[in-house]
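One structure is given below, encoded as structure tokens.
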Amino acid sequence: MKIIFLGPPGSGKGTAASRVAPKFGIPHISTGDLFRKNIKEQTEIGKEAKQYMDDGKLVPDEVVINMLKARLEEDDCQEGFILDGFPRTTPQAEMLDGITEIDVVVNMVVPDKIVIARNSSRVSCSKCGEIYNLRTMPTKLKGVCDKCGGSVVRRPDDEPDVIKKRLNIYKEQTEPLIEFYKKKGLIRDVICDNIDQTPEQTLEDVLKVLEEFSS
Ligand code: ADP
Ligand code: ZN
């Protein structure tokens, strides 16, 4: 199964993708996580990406594409994968089209108001990257990761001003991909229009959409 998760920042696609992946026994590949890992390890890719990310901008296609291509060549991707946060631009989608065939694109449809509210209450573990939400998915102990005990913080790009910028960039650069995949008959919408919808409910909706493909 080769699955893409499409949706605005804060649509819950990362959380859903990370829970769907083990059910299908395929890796969850988040380009955002790959960049954050590179930043932490102070690699060349990390140094290049950081300036764009902190500012809420997209990392240049060339950098993302090379990193993603290398990731897809690894052994664990041969049976399938979930892409979360890739593709985000038309050139990225075209590149992907040239190297593999996607089975389905899960399109998370979330109103702007909810996106903004969600992102401003989103926090994540500075050590393992686990995502939490102060409203809907808090840590058991305040500020401490349930999984690894690391400290839980707000990402620099989740500051309110930066969120609006990321949302605009999503509309300009990523939303056209819905049409791109619609033409191929691959789009399946998952609607999340309730601010207090739990990750479990979202996961259920996503799995329902994927039923058609799993057998
Ligand atoms: P979100 O989905 O909440 O925006 P991500 O973790 O997916 O968060 O991405 C964080 C940042 O990483 C983006 O704002 C962007 O700077 C960079 N990034 C991730 N994926 C891509 C991509 N495919 N193309 C360009 N930049 C990317
Ligand atoms: Zn952690």
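Numbering of ligands and ligand atoms starts at 1, following listing order. In what follows, every heavy atom counts, from backbone to side chain, and hydrogens, waters and symmetry copies are set aside.
- When heavy-atom distances to ligand 1 are checked against a 4.0 Å cut-off, Arg118 has no atom that comes that close, whether in backbone or side chain.
- In terms of N/O distances under 3.5 Å, ligand 1 is approached by Arg155.
- Within the listing of ligand 1, atoms 22 (C), 23 (N), 24 (N), 25 (C) sit less than 4.0 angstrom from a heavy atom of Gln92.
- Remark: ligand 1 atoms within the under-4.0 Å shell around heavy atoms of Lys57 are 15 (C), 16 (O).
- Listed by atom number, the atoms of ligand 1 under 4.0 Å from Lys13 heavy atoms are 2 (O).
- Near Thr31, the atoms of ligand 1 lying under 4.0 angstrom from a non-hydrogen atom of the residue are 19 (C), 20 (N), 21 (C), 23 (N).
- Distances below 4.0 Å separate heavy atoms of Arg122 from the following atoms of ligand 1: 3 (O).
- Around the CD atom of Gln78, the shell of radius 6.0 Å holds more than 12 heavy atoms that belong to other residues, nucleotides or ligands.
- Classification of Asp61 and Arg88 as a salt-bridged pair fails, no side-chain N sitting under 4.0 Å from a carboxylate O.
- Geometrically, Lys37 does not engage Phe35 in a cation-pi contact defined by less than 6.0 Å to the ring centre and at most 45° from the axis.
- Residue Arg36 has at least one heavy-atom neighbour below 4.0 Å for each of these atoms of ligand 1: 6 (O), 10 (C).
- The shortest N or O to N or O distance between Tyr52 and ligand 1 is not below 3.5 Å.
- The proximity of Arg166 to ligand 1, defined as any non-hydrogen pair under 4.0 Å, is limited to the side chain.
- Residue contacts with ligand 1 for Lys50 are absent, since no atom lies close enough (heavy atoms, distance under 4.0 Å).
- Heavy-atom contacts of Pro9 reach the following atoms of ligand 1: 1 (P), 2 (O), 3 (O), 4 (O) (cutoff under 4.0 Å).
- Regarding atom 4 (O) of ligand 1, its nearest protein heavy-atom neighbour is Arg88 NH2, 2.8 Å.
- Here Val59 has heavy atoms under 4.0 Å from ligand 1 in both its backbone and its side chain.
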